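Here is how names work: the chains are called A, B, and so on, in the same order as the sequence lines, proteins then strands, and each is numbered from 1. Note that the coordinates shown come from a computational prediction; the quantities given were computed from them, not determined experimentally.
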Amino acid sequence: MAEYTLKIRRYDPESGEPAYWQSFQVDLPEHMSVLDGVLQARNTQDGSIGIRCSCQAAICGSCAVRINGRTGLACNTKLSEAQKTARDGEIVVEPMGNFPVIKDLIVDMDAVHWKKVQRVVPWLLPEGDPPEREYIVPPESMIDVTQTMACIHCGACVGACLALEVEPEFIGPAALAKAYRFVGDPRDAQTEQRLRDLAEDPHGLYECTHCFACVEVCPKGVAPMNQIMRLRRKATDDYGIKDPNNGYGHEKAFVDLIERYGTLHEAQLLPRSYGQGSLIRSQIDPSSIKQLAASLPTAINGIKSGKVSPKKALFHPKLPDQKHIRRIYKEIHSKDERLELNLYIVGESGEQEGAMAEGSQES
Amino acid sequence: MPQHDILVIGAGLAGQRAALAAAEEGASVGIISKVHPVRSHSNAAQGGINAALNPEDSWESHAFDTVKGSDYLGDQDAIEVMCREAPQVILDLEHLGVTFHRNEEGKLGTRAFGGASAARTYYVADITGQAILHVLYEQLLKHDEVVRYEEWFTTRLVQDDDGRIAGAVCRNIRDGSMELFSAKAVILATGGNGQIFNPTTNALICTGDGIAMAYRIGAPLMDMEMIQYHPTTLAGNGLLITEGARGEGAHLYNAKGERFMEKYAPNKMELASRDVVSRAEQTEINEGRGFPDGTVALDITVVPKKRIHEALREIVMVARDFAGVDITREPIRVKPGNHYVMGGVKTDVDGHTPIEGLYAAGECACVSVHGGNRLGANSLLDTLVFGRRAGRHAARRALGMSMPQASEAHLADEERMIQEIIRRERTGRRVSEIKAELGKTMDKYCAVFRDEEGLTTALETVRRLKEEAKTVAIDDKGTVFNQDCLGALELQFMLDNAECIVLGALERKESRGAQYRTDYPERNDEQWLKHINITRGEDGTPQISYSPVTITRWEPAERKY
């Protein structure tokens, strides 16, 4: 048994008063959870503490809160672990960010979470009538989408999302991860439409800033950001959907430059990014020319600061053993299928035992 | 006053399925849940759902396994219905998009499960309940003509002057307002009552609300003494480790390293029916061959690691987060824990109770398909088959009948009752104290092994706690999300359930299925092959009656695994 102090952020909407802090002393074995602590405070000291909770086993998704600033489920955060990041000896428990607060630790998830989930059309859209028996699908595809199926709608990723803080209209990690559950399902017949819809939405697929916050806080290993990246790859590689941020072009530029030179040819990086990877296209595509012109100040600064010199811009040295790097590229390009390492099925000490093969054309 | 043809109370698998079925028949439907629908405890079901879908399998085989699993207390007509409809249930779910596991040919794959003579359990890793629940909820989002009342707490059922169901009184948890809902039929889908026991695998919301509400208006409760103790739960917090682990090949060992199931079920070993395995474990523990913390060991390391990560991914996390054990490297300590109630509100095969217009489906109902013991992976099936049947039957009955009259006086009564609880001065015990004592008492005297003395002590305790619950006072005087007040109401529901459970256990002087009386250790078909019903009498006291078990093809035989 050990004593802990929980500093809980209280808010009583009927009082007319603003939120305030209230500390509770609880006495529990160390392996017990922060939720157990809050419930002990509620059961024995103040029955008005508001927190959603049900299963106490990280499966119902009710109890997502912020503990010492970190979003997560209260029921699977051990008191002893939380004590390590306690502030002034107190475990701080607050409602999640990004959601309006109803009372104490209870937030309103209707608009910020459920509406967004509904936005991605979260039901299967198969083609035509169902077969007599089951649809036949490759077994790996069901194992693959089980990762996003594991989402318990706790909202932790939404609460922790940095892009959402800045842009509340962003569709968000949970809804986009849910979209992958259908895009990755061979029985769904609206893959392209779904991808196009989410890519073209100004607050959709490309608003994620890939900060990893959602991956870190997800209690079920859904890794929403990874699902978003997979959606992006599918959109650009399989359907040629234009990426409004030039992210695709930028990635391609990087990859091609390393193949050619072994190190990054900075002067070519910008134009290639705007030209969807191609130097030639960058000089003839009107939108690319526009963006190049807009980055003239950056280029001038680069020359002024010595980062790029006219000589370096024209002659970029190749690595002495460049052919070994080229060999790696040749090896990967020779494969028919794009191999995606889905790290969710891992072996001992992180060795990958399971690799998801996605049938798609290599570009 | 909100009005719907059908009012479904509870939005787990049974409730959602009933709502969708009723809507398909053209009825207007309202579905009420005291938590957001995806928080319903159906999401905790891990292992899978049974059906004789394989052409080499047969529904008769599934039905016989279920009958035998029930220790012959199950009603065979209902069991036949369930097993016949099972294959279509699976296919319907798959068509809706459930991400069932596949075999190498891309067809639906199965895993072995307890008490089954063939592998017929279809699954999604070990999150089958969650997967199905979420897919059904997506369908509810799609069918927005079904009105959802999310986070509304139902306090009582309402009847018209002729005793027909007329609706229910519910509280909007968010703002404390109360409404009288008017309906032609009410379908109870409120789940189980595991919170009566401590520890339990059940969530905090499993407080037997619907069972108690039905009981209070005179509906009979059947087989309440049949409480399932699941063989593999974590010591202390009671968390569930799916039977699917044993289905994948895991072994049970005592502290001496013996695979003890050989003594109790030499054929099926770890995959005998749950009551047999739980009794075996408890015997080993009671006779000193368990570990010091009152457990035995479940060794999952015999299952290939890749398979564990694919098919048991949830329990990898549960074991890691709640027990600090890596199940791919070491055995995990488990013991029998409260898990499920086979008993419940008595219904026919269409979910109809003897009270006209009152239906029940899922764990809160007793048809009975599970009799004295439920087979693993039959509960998910039960909720979907009987949820659909109840929804369909209620809707067809509702079309072409007029709305029964519900008196506003009931609403006023409930509002007054709640105000009284909120305003009460503190003279009595706290809700949590009474609940803790109840949980300990039931776990001690009403668990795997029972006897007259223990059960009598339990009954006295429960009755005393019922009295004490009348003066329980709460801290929260507000109206917004007053969870304190709901706790007091749930406590009363729990105590009603507990009283009936203990009475049933005392009444049944034999051992059958999950009920094991050390003072009556044999099964006694001559005197006890019947259901025990408990109905609240006119004077408010529980009245016991019996009803026969329906036998169609399988005469009761000796039950060996």
Interface moiety of [X] toward chain A, non-hydrogen atoms closer than 4.5 Å:
X	value
B:T479	both
B:V431	neither
B:E150	neither
B:L108	both
B:V98	backbone
B:F100	backbone

Exercise: identify the closest heavy-atom pair between [X] and [Y]:
X	Y	result
B:F322	A:Q56	CE2-O, 3.8 Å
A:P122	B:L141	CG-CD1, 4.1 Å
B:V480	A:E14	N-OE2, 3.2 Å
A:S62	B:R39	OG-CD, 3.2 Å
B:K107	A:I136	CG-CD1, 3.6 Å
A:E134	B:E94	CA-OE1, 3.4 Å

Side-chain donor/acceptor of [X] to backbone N/O of [Y], under 3.5 Å:
X	Y	value
B:E314	A:A150	no
B:E433	A:T44	no
A:R133	B:L53	yes
A:R187	B:H95	no

What part of [X] lies closer than 4.5 angstrom to a heavy atom of chain B: side chain, backbone, both or neither?
X	answer
A:P29	neither
A:N76	both
A:D12	neither
A:V145	side chain

Give the member of [options] that has the highest number of heavy-atom pairs under 4.5 Å with chain B.
options	answer
A:T77, A:I49, A:I51	A:I51
A:C75, A:C55, A:A57	A:A57
A:V121, A:I152, A:D104, A:D188	A:I152

side-chain contact (heavy atoms from CB on, under 4.5 Å) assessment of A:K103 paired with B:D476: CA-CA 12 Å; A:K103 172 189 174 184; B:D476 195 341; 2.8 Å; yes
Side-chain heavy-atom pair [X], [Y] within 4.5 angstrom cut-off:
X	Y	answer
B:I127	A:K220	no
A:R181	B:T99	yes
A:D36	B:N237	no

To the closest 0.5 Å, what do you measure between [atom1] ([X]) and [atom2] ([Y])?
X	Y	atom1	atom2	answer
B:E310	A:M142	CD	CE	13.5 Å
A:C60	B:H41	SG	NE2	9.0 Å
A:R42	B:D484	CZ	CG	7.5 Å
B:H36	A:R52	NE2	CZ	8.5 Å
B:Y123	A:T146	OH	OG1	10.0 Å
B:R313	A:I143	CZ	CD1	11.0 Å

Heavy-atom pair count under 4.5 Å with chain A, highest-scoring of [options]:
options	value
B:H101, B:E138, B:E105, B:M317	B:E138
B:L204, B:I205, B:L239, B:L240	B:L204
B:K435, B:Q139, B:R174	B:R174
B:Q88, B:R102, B:K477	B:R102

Residues, nucleotides or ligands: over 12 heavy atoms within 6.0 Å of A:K115 NZ: no
Heavy atoms from other residues, nucleotides or ligands near CG of B:N103 exceed 12 (cutoff 6.0 Å): yes
Whether B:H134 and A:H153 hold their rings parallel, tilted or perpendicular, with breakpoints at 30° and 60°: tilted
